[in-house]
Amino acid sequence: MKVLLVGATGNLGIRLVPALLTHGHSVVAFVRSSEKLESLLPQSVYRQVAVVEGNATDSAAIKKAILDTSCDAVVNTAGLAALPPWGKSDLPNIFRAVLDGVSEAGTERERPLRAWFLGGLGVLHFPGSESMLSNYIPIYLAHRQNLRLLQSLRPDALDWSLLCPSDMIPESSDFGVPTKISRARLAANATTPPLWNDSWIRYVPLIGRTVLCAMNAGRYVTTLEQNAEFIASDLESNGGQWSRKTVGVINSVE
Ligand SMILES: NC(=O)c1ccc[n+]([C@@H]2O[C@H](COP(=O)([O-])OP(=O)(O)OC[C@H]3O[C@@H](n4cnc5c(N)ncnc54)[C@H](OP(=O)(O)O)[C@@H]3O)[C@@H](O)[C@H]2O)c1
């Protein structure tokens, strides 16, 4: 696929460049600074990427980039959610603008685009309930409003998925192609976290579910490379397994 990668200079974005190329995609990087992207990537990789400079809060620029370069898919990693509920970040503005740009581009070309967005573990449901994990540990709340925006879209406007990792740590700073990942592939699940460890503790009044969330949270740390590989490989298979879903991930070998 030809993929518009918004936020290619970030922690996840920079690892998505080689992952997407390794899976046979063409990459159009949408960044604020092409110099920054060039400084981060090996020359041999940078040469394989088309670059569009722009601001991700500008929906018209996103739409134009998609239509001008004939992209079929978008991955948005731009913007970073604030941790505390009172924290401020550009993510909500970026998310809305990218969503508008991608949806409008789909309408104009009369075919919805495939798109991966980034959320967080907190928008997944507590297993066996309809309640989000962030109801028990209220952090990174911007992802909740972003998910509401996705869910309010007409089904024919966009074929979206929301990847909801917990902390992602770097595995290496080698951004060569093909990628070399030393860790196992991720196990994934829609709507609720995969391989959740349940316990009687959930039944403790008032604090039970919060304690259980805290006990599970550390198990969901993955690497940036694993998540980049997950998205790149899904776009290659184009199977529709994760369409219009939130997706939780965990190391398949703990
Ligand atoms: N890192 C984690 O552990 C983690 C865990 C769960 C979820 N997430 C979510 O995953 C996403 C990616 O995380 P990350 O760690 O890769 O974030 P990051 O390293 O902070 O990268 C953010 C990217 O957004 C770009 N950006 C910011 N404002 C922009 C704008 N107005 N226009 C264009 N680009 C803009 C930045 O570009 P510049 O280089 O120009 O600043 C950078 O490339 C975030 O939404 C985050 O909330 C992250």
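Both counts, for ligands and for their atoms, begin at 1 and track the order of listing.
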In ligand 1, the atoms that come under 4.0 Å of a heavy atom of Asp167 are 3 (O)
Should Ser166 be listed as contacting ligand 1, given a heavy-atom distance under 4.0 Å as the test? yes
Mind checking whether Gly54 has an N or O less than 3.5 Å away from an N or O of ligand 1? no
Taking the side chain from Thr246 and the backbone from Leu162, do they hold a donor-acceptor pair closer than 3.5 Å? no
N or O contact, Leu118 vs ligand 1, cut-off under 3.5 Å: no
Would Gly79 count as being in polar contact with ligand 1, using the rule that some N or O on each side must be under 3.5 angstrom apart? yes
Looking at ligand 1, does any of its N/O atoms fall within less than 3.5 Å of an N/O of Asp90? no
Expected output: side-chain Glu236 to main-chain His25 donor-acceptor under 3.5 Å: no
Where the closest heavy atom to atom 3 (O) of ligand 1 is concerned, which of Met168, Glu53, Arg32, Arg15 has it? Met168
Looking only at distance, does Ile94 have an N or O less than 3.5 Å from an N or O of ligand 1? no
Ser33 heavy atom under 4.0 Å from ligand 1: no
Atoms in ligand 1 with a heavy atom of Thr9 nearer than 4.0 Å: 37 (O), 38 (P), 39 (O), 40 (O), 42 (C), 43 (O)
